[in-house]
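Remember, predicted model here, so these are calculated numbers, not experimental data.
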Amino acid sequence: NGESKELRDEIVDLGTRYGLVTPYTSYLATDGSMANVRRDAPASADMTRSAAKRLQERSGAGAVGLSIQQNAMQSNTTAVASDDMEERQRILVRNSVNNQFVGNKNFINHDGVWTDSEYSDGSRMPEVTVRFASDEYFSLVKANRELGQYLALGDKVVIVWKGKVYRIVV
């Protein structure tokens with residue numbers, strides 16, 4: 001029946017409630033560096049210059065890291081529409097209650113377990129089960145510092161890491 005104010009308001013309500021990007025809503029993704037800054041506090045000029053400099057890097061480790069992050073964020077978007085729909089009609093799914101993007105990995109919550117999207121039940125990778133907050137758990141994090149950001153999702157996590165599946169259990 002075409003576009004109406006009632007339909008538009010309903011789309012905005014659903015988009016904001018479930019974290020969906022719609023033609024009427026958008027979200028700002030940040031790197032968390034400004035998380036502890038008051039909203040009414042002026043941004044420091046040094047911080048602004050530093051962020052701008054990082055975005056302009058064309059080579060080196062910083063540029064590679066930024067590229068990996070941007071590519072991973074692009075692949076985290078899933079179209080919830082048929083392929084023959086016009087681009088403006090598509091609804092995109094981003095981080096939500098059941099889907100979290102951490103570092104360069106996408107995790108899906110299945111019955112309270114955050115599961116790496118790279119994991120599949122039929123995979124033949126070796127699997128290591130580690131009890132949450134055990135000595136083995138802390139040793140694993142100490143040996144692989146990068147894992148900490150993924151394990152921060154909760155006490156039940158399945159992650160594919162360096163050719164192995166790590167299953168964190170309670």
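- Closest approach of G163 to P126, counting heavy atoms only: O-CD, 3.5 Å.
- Within a 6.0 Å radius of CZ in R131, no more than 12 heavy atoms belonging to other residues, nucleotides or ligands are found.
- A heavy-atom distance below 4.5 Å is not found between the side chains of R167 and V128.
- Within the 4.5 Å cutoff, the side chain of T115 has no heavy atoms near those of the F107 side chain.
- In this structure, a donor-acceptor pair under 3.5 Å is present between the side chains of Y150 and N104.
- Salt-bridge check for K164 with E127: failed, with every basic side-chain N at 4.0 Å or more from each acidic carboxylate O.
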message: Checking I168 against V158 for the side chain to side chain contact (heavy atoms under 4.5 Å, CB included) test, could you report, in this order, the C-alpha distance in whole Å, the side-chain angles of both residues, the deciding distance, and whether it holds?
response: CA-CA 6 Å; I168 308 303; V158 176; over 6 Å; no
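- Each of W114, Y166, Y137, F138 was scored for a ring-ring contact (aromatic ring centres under 6.0 Å, His included) with F132, with one residue passing: Y137.
- When all heavy atoms are compared, the tightest approach of G148 to V141 is CA-CG1, 4.4 Å.
- For the atom pair CD (E10) and OG (S4), the distance works out to 10.0 Å, reported to the nearest 0.5 Å.
- Cluster membership for W161 and L153, using ILVMFWY side-chain heavy atoms within less than 4.5 angstrom, is shared.
- In terms of modelled atom types and a separation under 3.5 Å, the side chain of T22 and the main chain of I11 share no donor-acceptor contact.
- K105 places no side-chain N or O within 3.5 Å of a backbone atom of Q100 that could act as its donor or acceptor partner.
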### Message
Checking K156 against V170 for the side chain to side chain contact (heavy atoms under 4.5 Å, CB included) test, could you report, in this order, the C-alpha distance in whole Å, the side-chain angles of both residues, the deciding distance, and whether it holds?
### Response
CA-CA 7 Å; K156 298 178 194 167; V170 281; 3.6 Å; yes
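- The shortest side-chain heavy-atom distance between Y119 and M125 does not fall under the 4.5 Å cut-off.
- Hydrophobic cluster membership differs between I159 and V165, with clusters built from Ile, Leu, Val, Met, Phe, Trp and Tyr side chains linked at under 4.5 angstrom.
- For D13 (side chain) and D9 (main-chain N/O), no donor-acceptor pair under 3.5 Å exists by modelled atom type.
- Considering every non-hydrogen atom in both N99 and N106, the closest pair reads OD1-OD1, 2.5 Å.
- With a 4.5 Å cut-off on side-chain heavy atoms, I108 and H110 count as touching.
- One N or O on the side chain of D116 and one on the backbone of E118 form a donor-acceptor pair closer than 3.5 Å.
- A donor-acceptor pair under 3.5 Å links the side-chain atoms of N109 to the main chain of G112, judged by distance alone.
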Item to complete: Apply side chain to side chain contact (heavy atoms under 4.5 Å, CB included) to L147 and R145, showing your working.
Response: CA-CA 5 Å; L147 272 177; R145 295 276 182 200; over 6 Å; no
